[in-house]
Amino acid sequence: MLRKILIANRGEIAVRIIRACAEMGIRSVAIYSEADRFALHVKKADEAYCIGSEPMSCYLNVHALVDLALATGCDAVHPGYGFLSENAQFARACKERRLIFIGPGADVIHRMGDKTEARNAMKAAGLPVTPGSEGNLNSVEEALEVAEQIGYPVMLKATSGGGGRGIRRCDAAEELKRNHIRVISEATKAFGRADVFLEKCIVNPRHIEVQILADHHGNVIHLYERDCSIQRRNQKLIEIAPSPQLDEAQRQYIGGLAVIAAKSVGYTNAGTVEFLLDDNGRFYFMEMNTRVQVEHTITETITGVDIVEEQIRVAAGLRLRYRQDEIVRRGYAIQFRINAEDPKNSFLPSFGRIARYYAPGGPGVRTDTAIYTGYEIPPFYDSMVAKVIVSALTWEDAIKRGERALRDMGLFGIKTTIPYYLKILKHPQFRIARFNTGFVEQNPTLINYSDKPRPEVLASVIAAAMASHTGL
Ligand code: ADP
Ligand code: ADP
Ligand code: MG
């Protein structure tokens, strides 16, 4: 088994990995930027090292991180999500220096990180793939030609895109021309590559993804699917496992497809195969994520499998501990991504000091976060500050529990997406589990909620109540 792991990440996922290490008796090494000096992952790890003053790029410094891992006596590196998690160079650098990279092989990361290559690989494996360009587009003329062939609307996408960026829908030639320049510029800025491709736009699809696990002994299993259709601008907000919109036959079918996909590329470790489901019940392969996902939590909740622990075991060369027929699921789990954003103000980031925080608790509630009372959220990173995961045996009860848990959570000093989620939970279409990726856009009035009383107001109410009580 591994003895010591360097966690090449920050925030809640770093804390999540530290927790897995602690349970497995593995020492954890955290890294942090100067901006992250007071971050929770720094306090929780067995050791922590400051790696620089550049808030973003220090977490991306492949050679410095490999050097540090070796200097501190680590035998493995866990990349989390984002940052270097899908960087094939990093995986390769680890391997060359005899460090275990906790993820799939560098070649698979490289291949699946290129969305056109991934599409071609999946087509070859017999998976249904959306119609689109053969590979990357060489010019705007070619884009217009392909769009004409497959028919509008089309999606113009950055080949190495991620995190919902570098994707634009185009309904007509003029729009495609405009977006062609935009997406190329976005892709160059965000991903360092200008390549773009086209695929048919599936109008108002459901986003269904399958969690898979694979070891180095040829075993591949799936842990059922997640429904991530509640998105804003192609970014996930609420995720559900399993999808309340699938029947059992669809569930088996999509799980099987994901296993075929993973086997066909020699996949190892944890990964996710993302599909779109159209109104006619057809599934299309969309992309493969070669890392642990933000929403792995809900799959853990319904199956009882600790995905991060399984990642570590598999990377150490151990066999999967479960056969497919041993994977049982129970009930529903919903994850809410609590973002430091103001929904009423175009979801503008709302960084600052957390005046007071307490986690929701009680039955069926899990909170993964790296915030604490008094913590100052640095403005350099992701706006997601916590994940609230609720579960119950039925969809109806999971919704009720979600409402209760979100109200139960105390998070003051910044604006968050919590009141917006409470409105979504009340929506009839959500409650009967009929929604697609257009839900947020189709329901603009959901941001018309009244804000919760501010902490000062609450405090004065409590103080008044206590004064009257002691006066008795
Ligand atoms: P998930 O697919 O796990 O739901 P997201 O798409 O929300 O994950 O991405 C998780 C994090 O990783 C976000 O911070 C996102 O910005 C980042 N990310 C994902 N893909 C890339 C990429 N190709 N390049 C840079 N950052 C990425
Ligand atoms: P990322 O790497 O950023 O996660 P994806 O390719 O997974 O990018 O797409 C992100 C989201 O964009 C999807 O969940 C979906 O809502 C939307 N999307 C992507 N491709 C299409 C498509 N062809 N038709 C309709 N929606 C799409
Ligand atoms: Mg995706």
Side-chain angles (χ1 to χ4, degrees), residues 81-83 85-87 109 111-123 127-133 136-137 143 146-147 150-171 175-176 179 183 186-187 189-193 195-212 225-240 243 245 254 258 261 271-280 282-296 337 382 384 435-442:
Y81 56 70
F83 294 113
S85 60
E86 291 175 286
N87 184 309
I109 295 178
R111 233 173 129 199
M112 294 300 107
D114 182 307
K115 290 189 186 189
T116 53
E117 274 216 37
R119 281 168 56 86
N120 291 337
M122 292 310 149
K123 242 191 265 175
L127 265 78
V129 175
T130 43
S133 53
N136 296 324
L137 298 162
V146 176
I150 59 179
Y152 289 95
V154 293
M155 282 297 212
L156 186 61
K157 295 171 86 165
T159 304
S160 45
R165 288 166 303 163
I167 302 177
R168 280 186 197 241
R169 175 179 161 152
C170 315
D171 287 284
E175 207 179 1
L176 175 55
N179 284 338
V183 175
E186 274 169 22
K189 253 184 252 155
F191 315 114
R193 258 184 83 182
D195 294 332
V196 295
F197 71 102
L198 264 188
E199 62 184 44
K200 175 115 190 119
C201 177
I202 309 297
V203 178
N204 293 333
R206 286 136 194 97
H207 172 120
I208 308 288
E209 60 180 38
V210 180
Q211 175 72 52
I212 61 124
E225 82 286 356
R226 298 182 283 253
D227 189 323
C228 312
S229 304
I230 303 292
Q231 311 181 342
R232 179 178 172 271
R233 303 206 170 154
N234 307 320
Q235 290 176 350
K236 300 162 186 168
L237 295 176
I238 298 176
E239 298 108 337
I240 303 150
S243 172
Q245 312 200 68
I254 200 75
T272 301
V273 189
E274 296 189 335
F275 297 90
L276 292 175
L277 169 61
D278 74 10
D279 275 335
N280 301 317
R282 271 192 300 259
F283 287 97
Y284 300 93
F285 167 83
M286 181 162 55
E287 66 155 347
M288 179 152 192
N289 291 318
T290 55
R291 56 173 164 87
V292 69
Q293 266 185 267
V294 176
E295 59 275 20
H296 73 282
R337 295 193 188 195
D382 222 76
M384 190 184 77
F435 45 79
N436 55 52
T437 61
F439 179 87
V440 165
E441 229 172 273
Q442 288 152 15

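Quick caveat: nothing in here was measured; it's all calculated off a predicted structure. Just so you know, residue 1 is the first one in the sequence shown, and it goes up from there. Counting convention: from 1, in listed order, for ligands and their atoms alike.
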Check your understanding: Less than 4.0 Å between a side-chain N and a carboxylate O, is that true for Arg206 and Glu225?
Key -> no
Exercise for review: Give the atom name of whichever N/O/S atom in Glu287 sits closest to the Mg ion (ligand 3).
Suggested key: OE2
**Study point:** Atom indices of ligand 2, in the order listed, that fall short of 4.0 Å to a heavy atom of Gly162
**Key:** 1 (P), 2 (O), 3 (O)
Study note, to complete from the structure: Interatomic distance, CG@Leu276 vs CD1@Ile208, rounded to 0.5 Å, equals 9.0 Å
Study note, to complete from the structure: Under 4.0 Å from one or more heavy atoms of Thr437, ligand 2 contributes atoms 16 (O)
**Study point:** Contact partition for Ile167 relative to ligand 2, non-hydrogen atoms under 4.0 Å
**Key:** side chain
Point to revise | Whether Lys236 lies under 4.0 Å from ligand 2, heavy atom | key: no
Exercise for review: Check whether any side-chain heavy atom of Thr116 lies under 4.5 Å from a side-chain heavy atom of Asp195, and answer yes or no.
Suggested key: no
Practice item. Could you tell me whether some N/O pair between Pro205 and ligand 2 is separated by less than 3.5 angstrom? Key: no
Check your understanding: Considering only heavy atoms of Glu199, which atoms of ligand 2 have at least one such atom less than 4.0 Å away?
Key -> 20 (N), 21 (C), 22 (C), 23 (N)
Point to revise | N/O donor-acceptor pair under 3.5 Å between Arg119 side chain and Thr130 backbone | key: yes
Practice item. Check whether any heavy atom of Lys200 sits under 4.0 Å from an atom of ligand 2. Key: yes
Review point. Is the closest basic N to carboxylate O distance between Glu86 and Arg291 below 4.0 Å?
Key: yes
**Study point:** Contacting atoms of ligand 2, where contact means under 4.0 angstrom from a heavy atom of His207
**Key:** 13 (C), 14 (O)
Review point. So, does Gln235 sit close enough to ligand 2 that a heavy atom of it is under 4.0 Å from the ligand?
Key: no
Point to revise | N or O pair under 3.5 Å between Met286 and ligand 2 | key: no
**Study point:** ligand 2 contact on Arg169 by region, counting heavy-atom pairs under 4.0 Å
**Key:** neither
Check your understanding: Just heavy atoms, cut-off under 4.0 Å: does Val203 contact ligand 2 by side chain, backbone, both, or neither?
Key -> neither
**Study point:** Side chain to side chain, Phe275 and Leu127, heavy atoms closer than 4.5 Å
**Key:** yes
Check your understanding: Charged N to carboxylate O under 4.0 angstrom, Arg168 versus Glu186?
Key -> yes
Practice item. For residues Leu137 and Val146, report the shortest heavy-atom separation together with the two atoms involved. Key: CD2-CG2, 4.1 Å
Check your understanding: Hey, is ligand 2 close enough to Lys157 that some N/O pair sits below 3.5 Å?
Key -> yes
**Study point:** Numbered atoms and elements of ligand 2 in range of Gln231, under 4.0 angstrom, heavy atoms
**Key:** 11 (C), 13 (C), 14 (O), 15 (C), 16 (O)
Review point. Thinking salt bridges, do Arg169 and Glu441 make one under a 4.0 Å N-O criterion?
Key: no
Check your understanding: Considering only N, O or S atoms, which atom of Glu274 is nearest to the Mg ion (ligand 3)?
Key -> OE1
**Study point:** Any residue meeting side-chain contact (heavy atoms from CB on, under 4.5 Å) with Asn234, in chain and number order, not counting sequence neighbours
**Key:** Ile167, Gln231
**Study point:** Non-hydrogen atoms of Ser229 and Phe435 that approach each other most closely
**Key:** CB-CD1, 3.9 Å
Review point. Near Glu287, which atoms of ligand 2 are under 4.0 Å from a heavy atom of that residue?
Key: 1 (P), 2 (O), 4 (O), 5 (P), 7 (O), 8 (O)
**Study point:** Numbered atoms of ligand 2 (with element) below 4.0 Å of Gly164, judged on heavy atoms
**Key:** 1 (P), 3 (O)
Exercise for review: First locate atom CZ of Arg337, then atom CD of Glu239, and finally report the distance between them rounded to the nearest 0.5 Å.
Suggested key: 4.5 Å
Point to revise | Numbered atoms and elements of ligand 2 in range of Gly161, under 4.0 angstrom, heavy atoms | key: 2 (O)
